Amino acid sequence: MKKGNKKIIELDSPIDYQKLTCVINDFFEKYNFISIGYLGKSILGRDIPIIKLGDGKSKVIYISAHHGSEWITTGVMLRFINEYCELYKSCGNVEGIRIETLYKNVEINIVPMLNPDGVDLAINGLSNDNVLYERLISMNGGQSDFSHWNANGRGVDLNHNYNFGFSEYKKIESEQGIQNGAPTRFSGEYPESEPETGYLCNYIRFQNDFCGAISLHSQGEEIYYKCGEYIPEKSESIVKYFAGLCGYTLKTAQGMAAYGGFTEWFIREFDRPSFTFECGKGINPLPIKDLSMIYLKLRKILFEAPLILSRLRY
Ligand SMILES: [Zn+2]
């Protein structure tokens, strides 16, 4: 069978930027009812795709792969887009939800790989022609194994680069001796200093009116939903419902994890629900064979969350 005719895409090897591009091209050929665009370019010049499903007035945003070694979260989003589109084509239902209703009511904005340079380093390692070759080797402690790399293409951890608790984080960062450019946890020079976070924040701030956000990371089977101790109205009942569906544990961010993250920034900026799901269990990078189980646990949430969040009516 011709690759483009397959209903379910093959995701049986690590999902790097090249694979993402192939899958998106495949979606573009098969599903003329979805919209594919770009947030902007990563620090090393890769286009960061954004895919829109549905044409409802309410909007939600889903984001995967803030962290390089967490590329399995891109797979979760691609599985979701794939299943959504196949169901829409066949006027189908999933988990008691009519896809046509979902399509008409909510526009789901999906950034399947916010950090393409970090993912590429984690999967394919550092190529000799990388313009930052010497710097990246030095940031990686002289090692050529980048499989645990989480930062972007110049050593900034994107999920500490948002404008929430940045100065508090900087103090902890220096106490911990985190270098100016590192595989993980270096927050950058100032909030949104990186193109990846800058484009995303601007997109959310200026172009749209999102009623909620979901960000996928790995791992731990946990859900984060607070900004400090603050919880937006109705977030608590929603997150308890989600936890009941997927069996994940509800958590409050502690220590370094409490500052500079997307979920905290979104809650503080808009006072609307935002959730971080730590997908799967094990040691990052999780093996691709875990993808199906992770997706099955989150599937109902990914389909139902847009409707739940859209009913909050801001
Ligand atoms: Zn992460």
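Any value given below was found using the heavy atoms of this structure, including those in side chains, with hydrogens, waters and symmetry copies removed. These numbers come from a predicted model, not from an experiment. For the single chain, residues carry numbers from 1 onward in sequence order. In listed order, ligands and their atoms are each counted from 1.
In summary, an N, O or S atom of Glu70 is located under 2.8 Å from the Zn ion (ligand 1). Residue contacts to the Zn ion (ligand 1): His66 brings no N, O or S atom closer than 2.8 Å.
The aromatic rings of Tyr62 and Phe80 sit tilted relative to each other, their planes meeting at an angle between 30° and 60°.
Screening Thr184, Asn150, Val119, Asn284 for a side-chain contact (heavy atoms from CB on, under 4.5 Å) involving His67 leaves a single residue, Asn150.
Among heteroatoms of the N, O or S kind in His217, ND1 lies nearest the Zn ion (ligand 1). The minimum distance between the Zn ion (ligand 1) and any N, O or S atom of His67 involves atom ND1.
Taking the six-membered ring for Trp, Tyr224 and Phe275 have ring centres at least 6.0 Å apart.
Side-chain contact of Thr276 with Thr263: a donor-acceptor pair under 3.5 Å is present, judged by distance alone.
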